[in-house]
Chemist: 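Questions regarding the structure given below will be posed in turn.
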Amino acid sequence: MQGKQGLPRRHYTDGFKAQAVRLASSIGQAQAARKLEMSVKTLSHWVEAQRHGSRGASAGRRVSVSEQESELSRLRSEVATLRMEREILKKAAAFFARESR
(Lines give C-alpha, C1' and ligand atoms only; values in the text may rest on other atoms or scores of the structure.)
Protein backbone atom coordinates (compact mmCIF):
# COMPACT_ATOMS: atom_id res chain seq x y z
CA MET A 1 0.00 0.00 0.00
CA GLN A 2 1.27 3.47 -0.82
CA GLY A 3 0.92 6.74 1.04
CA LYS A 4 -0.07 10.14 -0.39
CA GLN A 5 3.40 10.90 -1.83
CA GLY A 6 3.59 7.57 -3.66
CA LEU A 7 5.98 6.13 -1.09
CA PRO A 8 5.34 2.75 0.51
CA ARG A 9 3.32 3.05 3.70
CA ARG A 10 5.34 2.31 6.83
CA HIS A 11 4.00 0.00 9.54
CA TYR A 12 5.07 0.41 13.17
CA THR A 13 4.95 -2.04 16.05
CA ASP A 14 3.05 -1.18 19.22
CA GLY A 15 6.37 -1.17 21.07
CA PHE A 16 7.83 1.40 18.69
CA LYS A 17 4.71 3.55 19.05
CA ALA A 18 4.96 3.45 22.85
CA GLN A 19 8.64 4.46 22.75
CA ALA A 20 7.87 7.25 20.27
CA VAL A 21 5.14 8.62 22.55
CA ARG A 22 7.54 8.57 25.53
CA LEU A 23 10.16 10.40 23.47
CA ALA A 24 7.57 12.95 22.35
CA SER A 25 6.56 13.61 25.94
CA SER A 26 10.17 14.21 26.94
CA ILE A 27 11.46 16.33 24.03
CA GLY A 28 8.31 17.47 22.23
CA GLN A 29 6.36 16.05 19.32
CA ALA A 30 8.03 18.03 16.53
CA GLN A 31 11.56 17.21 17.66
CA ALA A 32 10.69 13.54 18.29
CA ALA A 33 9.10 13.23 14.85
CA ARG A 34 12.22 14.72 13.21
CA LYS A 35 14.48 12.41 15.22
CA LEU A 36 12.38 9.36 14.24
CA GLU A 37 12.06 10.56 10.62
CA MET A 38 8.29 10.43 10.66
CA SER A 39 5.28 12.68 10.33
CA VAL A 40 4.38 14.94 13.26
CA LYS A 41 0.75 14.23 12.46
CA THR A 42 1.24 10.48 12.84
CA LEU A 43 3.05 10.93 16.14
CA SER A 44 0.37 13.30 17.42
CA HIS A 45 -2.28 10.66 16.63
CA TRP A 46 -0.35 8.15 18.75
CA VAL A 47 -0.01 10.65 21.61
CA GLU A 48 -3.75 11.35 21.51
CA ALA A 49 -4.55 7.64 21.35
CA GLN A 50 -2.46 7.04 24.46
CA ARG A 51 -4.13 9.96 26.23
CA HIS A 52 -7.51 8.38 25.55
CA GLY A 53 -6.40 4.96 26.71
CA SER A 54 -5.81 2.99 23.52
CA ARG A 55 -2.47 1.61 22.45
CA GLY A 56 -2.69 3.04 18.94
CA ALA A 57 -4.77 2.66 15.84
CA SER A 58 -3.66 -0.91 15.21
CA ALA A 59 -4.52 -2.10 18.71
CA GLY A 60 -8.10 -3.23 18.89
CA ARG A 61 -8.94 -2.49 22.49
CA ARG A 62 -7.59 -1.42 25.82
CA VAL A 63 -6.49 -4.16 28.24
CA SER A 64 -8.07 -3.84 31.69
CA VAL A 65 -6.07 -3.97 34.89
CA SER A 66 -7.73 -7.24 35.92
CA GLU A 67 -6.76 -8.79 32.58
CA GLN A 68 -3.19 -7.59 33.06
CA GLU A 69 -3.11 -9.03 36.57
CA SER A 70 -4.46 -12.39 35.46
CA GLU A 71 -1.93 -12.53 32.60
CA LEU A 72 0.87 -11.63 35.01
CA SER A 73 -0.27 -14.35 37.40
CA ARG A 74 -0.42 -16.89 34.58
CA LEU A 75 3.05 -15.93 33.37
CA ARG A 76 4.52 -16.14 36.89
CA SER A 77 3.06 -19.61 37.27
CA GLU A 78 4.49 -20.63 33.91
CA VAL A 79 7.93 -19.28 34.87
CA ALA A 80 7.86 -21.29 38.11
CA THR A 81 6.93 -24.45 36.21
CA LEU A 82 9.68 -23.89 33.65
CA ARG A 83 12.27 -23.28 36.36
CA MET A 84 11.26 -26.51 38.10
CA GLU A 85 11.46 -28.43 34.82
CA ARG A 86 14.89 -26.96 34.12
CA GLU A 87 16.16 -28.07 37.53
CA ILE A 88 14.82 -31.58 36.96
CA LEU A 89 16.57 -31.73 33.59
CA LYS A 90 19.85 -30.51 35.12
CA LYS A 91 19.68 -33.25 37.75
CA ALA A 92 18.81 -35.88 35.15
CA ALA A 93 21.72 -34.79 32.95
CA ALA A 94 24.12 -34.95 35.90
CA PHE A 95 22.76 -38.40 36.86
CA PHE A 96 23.21 -39.81 33.35
CA ALA A 97 26.66 -38.24 33.06
CA ARG A 98 27.71 -40.10 36.24
CA GLU A 99 26.11 -43.33 35.02
CA SER A 100 27.94 -43.28 31.69
CA ARG A 101 31.40 -43.23 33.34
Side-chain angles (χ1 to χ4, degrees):
M1 181 179 238
Q2 293 188 342
K4 289 182 182 179
Q5 287 80 28
L7 298 172
R9 181 174 239 164
R10 294 167 67 180
H11 295 279
Y12 302 97
T13 64
D14 289 338
F16 178 85
K17 291 177 185 181
Q19 289 177 338
V21 168
R22 282 194 296 275
L23 181 63
S25 69
S26 67
I27 65 173
Q29 289 183 22
Q31 190 174 358
R34 274 193 304 276
K35 192 171 220 147
L36 297 170
E37 299 178 352
M38 63 183 299
S39 160
V40 175
K41 187 174 182 178
T42 300
L43 183 56
S44 69
H45 283 284
W46 297 348
V47 170
E48 278 301 308
Q50 186 195 41
R51 246 185 234 138
H52 295 296
S54 74
R55 291 178 293 169
S58 64
R61 63 181 185 87
R62 188 174 176 193
V63 179
S64 71
V65 173
S66 64
E67 288 174 315
Q68 290 175 349
E69 288 172 349
S70 68
E71 178 70 0
L72 182 59
S73 175
R74 185 190 69 76
L75 290 171
R76 284 182 173 155
S77 173
E78 186 175 335
V79 167
T81 301
L82 292 171
R83 285 182 176 155
M84 182 179 62
E85 289 173 354
R86 183 186 63 198
E87 289 303 313
I88 291 169
L89 289 172
K90 279 183 185 178
K91 290 176 182 176
F95 173 79
F96 288 116
R98 280 192 306 258
E99 288 291 314
S100 66
R101 289 184 192 174

Chemist: Which residues pass the side chain to side chain donor-acceptor pair (under 3.5 Å) test with Arg74, not counting sequence neighbours?
Modeler: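 If we apply the side chain to side chain donor-acceptor pair (under 3.5 Å) test to Arg74, skipping adjacent residues, the hits are Glu71, Glu78.
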Chemist: Look at atom CD of Glu37 and say whether more than 12 heavy atoms of other residues, nucleotides or ligands are closer to it than 6.0 Å.
Modeler: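 Atom CD in Glu37 is not crowded, with 12 or fewer foreign heavy atoms closer than 6.0 Å.
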Chemist: As an exercise, state the distance from CH2 of Trp46 to CD of Gln19, rounded to the nearest 0.5 Å.
Modeler: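 If we round to the nearest 0.5 Å, Trp46:CH2 and Gln19:CD are 11.0 Å apart.
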Chemist: To the nearest 0.5 Å, how far apart are OG1 in Thr42 and NZ in Lys17?
Modeler: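 So the gap between those two atoms works out to 9.5 Å.
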Chemist: Please check if the side chain of Ser77 supplies one atom and the backbone of Ser73 the other of a donor-acceptor pair under 3.5 Å.
Modeler: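 No, the answer is negative, given that no donor and acceptor are paired below the 3.5 Å cut-off.
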Chemist: Please report the interatomic distance CD(Gln31) to CG(Leu36), rounded to the nearest 0.5 Å.
Modeler: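 One gets 10.5 Å once the value is rounded to the nearest 0.5 Å.
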Chemist: Minimum heavy-atom separation for Ser70 and Glu67, please, with both atom names.
Modeler: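 Taking Ser70 first and Glu67 second, the nearest heavy atoms are OG-O, 3.0 Å.
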Chemist: Are Ile27 and Phe16 connected in a single hydrophobic cluster, I mean Ile/Leu/Val/Met/Phe/Trp/Tyr linked by side-chain heavy atoms less than 4.5 Å apart?
Modeler: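 As far as the 4.5 Å side-chain criterion goes, Ile27 and Phe16 are connected within one cluster.
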Chemist: For Gln29 and Val47, work out which heavy atoms get closest and say how close.
Modeler: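 Of all heavy-atom pairs spanning Gln29 and Val47, the closest is NE2-CG1, 3.6 Å.
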Chemist: Please determine which of His45, Arg51, Gln50 meets the side chain to side chain donor-acceptor pair (under 3.5 Å) test together with Glu48.
Modeler: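 The option that passes is Arg51.
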Chemist: State, to 0.1 Å, how close Leu23 and Lys35 come at their nearest heavy-atom pair, and which atoms those are.
Modeler: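 Closest approach of Leu23 to Lys35: CD2-CD, 4.2 Å.
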Chemist: Which pair of heavy atoms, one from Ala33 and one from Leu43, lies closest together, and at what distance?
Modeler: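 Scanning both residues completely, I find the closest heavy atoms to be N-CD2, 3.7 Å.
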Chemist: Hydrophobic cluster mates of Ile88, side-chain heavy atoms under 4.5 angstrom, ILVMFWY only, any path?
Modeler: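 Via sub-4.5 Å side-chain contacts, Ile88 links to Met84.
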